[in-house]
Amino acid sequence: MVGADQTLRPFLWRAAKLHPDSEIVSRTARGIERYGYDEYDDRTAQLANALDAAGVESGDRVATFCWNHHRHAETYFGVPNSGAQLHTINPLLPDHHIQYIVENAEDRLLFVDPSLVEKLEGAADSEAFESVEQFVVMDEAVPDTSLDPVTDYESFVGDQPTDYDWPSLSGDTPAGMCYTSGTTGKPKGVEYTQQMLWGHTMATLTPQGLAFEESDVIMPVVPMFHVNAWGIPYSATAAGAKQVYPGPAPEPADLASLIEEEGVTFTAGVPTVWLGLLEYLAENDADMSSLERIVIGGSAAPESLIREFDEEYDVEVLHAWGMTETAPIGTVSHLKSKMDDWSKEDQYEKRGKQGLIAPGLEFKVVGDDGEEVPWNGEDFGEMYIKGPWVTQSYFKRPEANEQDFEGEWLKTGDVVTVDSDGYVKIIDRAKDVIKSGGEWISSVELENALMAHDEVAEATVVGVPHERWQERPVAFVVPVEGTDEDALKESILAQIREEYPRWWAPDEVVFIEEVPKTATGKFDKKVLREQYDDESLVAGSVPEEAAPDEE
Ligand code: AMP
């Protein structure tokens with residue numbers, strides 16, 4: 001005898017029964033909209049009926065091209081629970097990637113935000129969209145558009161019944177799909193089955209995960225097109241918590257006002273979002289007293305960010321690591337109880353790491369020689385990971401499967417150390433590590449050091465080719481307004497020379513207005529590398545004493 005399969009439907013069923021009045025709040029172009037879990041459940045049933053009426057069948061892929069709002073959240077349950085597969089597309093990708101993704105996934109129906117219709121029109125004007133039979137605009141009316149055939153969401157679901165005979169699905173039914181951001185080569189499709197999302201949800205709920213309570217007010221700022229908004233629409237529903245969706249392209253002022261007005265206790269997003277919010281808060285009054293915790297991931301959270309939220313706003317930052325391939329949560333940096341009476345400094349040091357493996361997953365760290373490296377906080381290697389919500393293959397990409405997997409293990413491409421307490425620290429993306437004169441330099445560490453500087457708003461470090469040392473670090477720095485750049489440069493370099501080996505000091509500090517970002521809000525080092533073309537970096541420009549072999 002075995003139990004029923006692990007599927008998403010019971011999470012929403014329970015929330016609708018136990019917490020019918022707990023709200024789903026959504027910032028839309030028409031203002032703030034809100035309803036309870038009972039209506040959320042009714043509307044997902046209407047959506048499932050509408051999908052049936054549109055001819056969508058079990059196993060078909062239904063795509064979204066949307067920001068974070070209640071209608072998008074309805075597709076999160078309505079599509080997979082009816083047996084179809086929800087494919088969330090990142091609208092910030094270039095058109096040729098969007099075309100590749102839609103063609104590869106063979107999406108049959110596509111939901112699009114009104115504010116993204118124009119962007120989609122550009123991409124959709126292509127044979128790659130042949131499989132798409134209908135577009136549905138996430139609004140009450142259809143704008144003037146070349147998308148065809150097209151309807152609006154409220155008309156699409158409007159007359160449908162509010163109950164639905166949910167099928168009994170097996171755990172291995174494909175439920176979700178998301179493509180990796182494809183900074184190198186074409187995006188790769190990752191499928192999430194019902195049971196992968198169920199496992200991820202349950203782990204997220206634990207105290208070792210994000211520990212959601214029914215009393216929490218949870219605002220995912222991380223886009224719903226980026227790995228299911230880190231699973232929050234599922235885990236917040238499983239907890240029966242109030243949810244706040246910040247709508248299209250929220251600015252720091254929008255986030256501050258939602259936190260204040262809706263009493264947000266928990267939020268989530270990439271570091272740049274929170275750097276922006278801190279900058280806004282430094283100049284504007286906003287009541288952040290409801291906010292208790294922020295999970296930050298997607299790229300390394302600078303320790304200075306963790307410290308500032310703690311010291312200025314009494315907000316606990318949970319630093320987490322994950323990937324599209326891991327659905328995404330893999331590690332979360334919680335302190336162990338034995339660390340409660342440690343000094344703040346020692347605690348920050350641990351909390352700045354990417355943290356402890358989530359319960360249910362396993363990992364190992366493999367060195368250049370193919371052997372596992374010891375957990376001593378110093379030896380590093382590539383992190384391999386496996387578990388119930390880690391994918392074991394890419395969609396229709398045999399060549400990538402061969403390269404990125406070894407048996408059940410996913411080779412993450414992240415270079416890490418693990419300390420004797422088990423805290424994982426990402427040293428770099430394998431391709432971003434700077435190799436200078438045979439020694440490795442961590443671009444992530446240098447970025448952390450730079451962003452800890454009061455006069456630095458944002459900074460990134462890339463390796464540029466160098467004849468003698470193979471590669472040397474160059475820092476790209478966005479100074480805080482009104483800063484004297486020469487003095488800042490000197491003080492940055494002095495600080496790095498003091499804290500790190502001398503050859504880690506960047507050869508050059510280039511001041512820029514903004515660090516270019518990828519479609520998922522990470523620093524786009526590829527663009528900077530391409531833009532960087534400075535004769536001064538050819539051989540000989542590095543001071544001799546910068547060489548590692550002369551230390
Ligand atoms: P994506 O699949 O777009 O979510 O990107 C996954 C990659 O983002 C990981 O393999 C890491 O290189 C990076 N990443 C995610 N979280 C963190 C973090 N907390 N610190 C450093 N890098 C991270």
Side-chain angles (χ1 to χ4, degrees), residues 88-90 92-93 97 101 176-192 200 210 220 222-232 268-275 294-303 305-306 317-334 350-358 361 363 365 380 382-385 389-391 394 400 404 409-418 423-433 442-448 451 460-461 517-526:
T88 51
I89 303 175
N90 183 339
L92 306 177
L93 288 172
H97 275 182
I101 284 173
M177 183 182 219
C178 190
Y179 281 71
T180 59
S181 44
T183 41
T184 50
K186 289 205 172 94
K188 292 174 277 190
V190 175
E191 293 191 278
Y192 308 114
H200 183 269
L210 304 182
V222 49
M224 293 171 84
F225 52 75
H226 187 196
V227 211
N228 302 325
W230 300 348
I232 290 173
V270 295
T272 47
V273 168
W274 309 114
L275 291 166
I294 308 181
V295 61
I296 303 187
S299 49
E303 199 186 295
L305 186 65
I306 300 174
V317 168
L318 295 171
H319 191 191
W321 167 92
M323 306 173 73
T324 307
E325 290 85 338
T326 62
I329 291 183
T331 68
V332 185
S333 204
H334 289 284
K350 286 288 190 213
R351 291 176 50 198
K353 297 189 179 192
Q354 281 69 11
L356 303 171
I357 190 82
L361 301 179
F363 77 101
V365 182
F380 52 79
E382 184 178 357
M383 183 171 170
Y384 288 32
I385 191 167
W389 55 93
V390 178
T391 192
Y394 293 111
D404 293 350
W409 294 101
L410 164 74
K411 292 148 86 176
T412 64
D414 284 328
V415 178
V416 308
T417 60
V418 190
Y423 285 74
V424 173
K425 178 172 177 177
I426 308 277
I427 299 296
D428 236 320
R429 235 5 238 162
K431 65 178 169 27
D432 290 336
V433 168
S442 161
S443 66
V444 174
E445 286 249 347
L446 287 178
E447 284 162 8
N448 274 343
M451 284 194 272
T460 188
V461 176
K517 313 274 185 333
T518 67
T520 47
K522 303 180 193 193
F523 293 161
D524 196 339
K525 299 192 181 192
K526 197 173 76 187

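In listed order, ligands and their atoms are each counted from 1. Reckoned from all heavy atoms, side chains included, excluding hydrogens, waters and symmetry mates.
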State the CE-CG distance between Met451 and Leu446, to the nearest 0.5 angstrom.
-> 11.0 Å

Are Pro328 and ligand 1 in contact, using a heavy-atom cut-off of under 4.0 Å?
-> no

Looking only at non-hydrogen atoms, which of Pro187, Ala300, Gly297, Ala320 approaches atom 19 (N) of ligand 1 most closely?
-> Ala320

Looking only at protein heavy atoms, what sits closest to atom 5 (O) of ligand 1 is Lys522 NZ, 2.6 Å

Min N/O separation Thr412 to ligand 1 under 3.5 Å = no

Say you draw a straight line from CZ of Arg351 to OG of Ser333; how long is it, rounded to the nearest 0.5 Å?
-> 8.0 Å

Return the residue, atom name and 0.1 Å-rounded distance of the protein heavy atom closest to atom 4 (O) of ligand 1.
-> His226 NE2, 3.2 Å

Where Val227 and Ala327 come nearest, the two heavy atoms and their spacing | CG1-C, 3.6 Å

May I ask you to establish whether Lys188 and Tyr394 are in a cation-pi arrangement, using a distance under 6.0 Å from NZ or CZ to the six-membered ring centre and at most 45° from the ring axis?
-> yes

Donor-acceptor under 3.5 Å (Lys525 side chain, Val461 main chain) | yes

Taking Trp389 for its side chain and Ile329 for its backbone only, find out whether a donor-acceptor pair lies under 3.5 Å.
-> yes

Would you mind checking which non-hydrogen protein atom is closest to atom 20 (N) of ligand 1, with the distance to 0.1 Å?
-> Gln354 NE2, 2.9 Å

Looking only at N/O atoms, are Met323 and ligand 1 under 3.5 Å apart anywhere?
-> no

Considering distance alone, does some N or O of Thr520 sit under 3.5 Å from an N or O of ligand 1?
-> no

Say whether Gly322 and ligand 1 are in contact under the criterion: heavy-atom distance to a ligand atom below 4.0 Å.
-> yes

Which residue owns the protein heavy atom closest to atom 16 (N) of ligand 1, what's the atom, and how far is it?
-> Gly298 N, 3.0 Å

What atoms of ligand 1 come closer than 4.0 angstrom to any heavy atom of Thr324?
-> 1 (P), 2 (O), 3 (O), 4 (O)

In Å and rounded to the nearest 0.5 Å, what is the CD1 to CD distance from Ile426 to Gln354?
-> 4.5 Å

Give, for atom CG of Asn90 and atom OG1 of Thr518, the distance between the pair rounded to the nearest 0.5 Å.
-> 8.0 Å

Under 4.0 Å between heavy atoms, the region of Asp414 that gets near ligand 1 turns out to be side chain

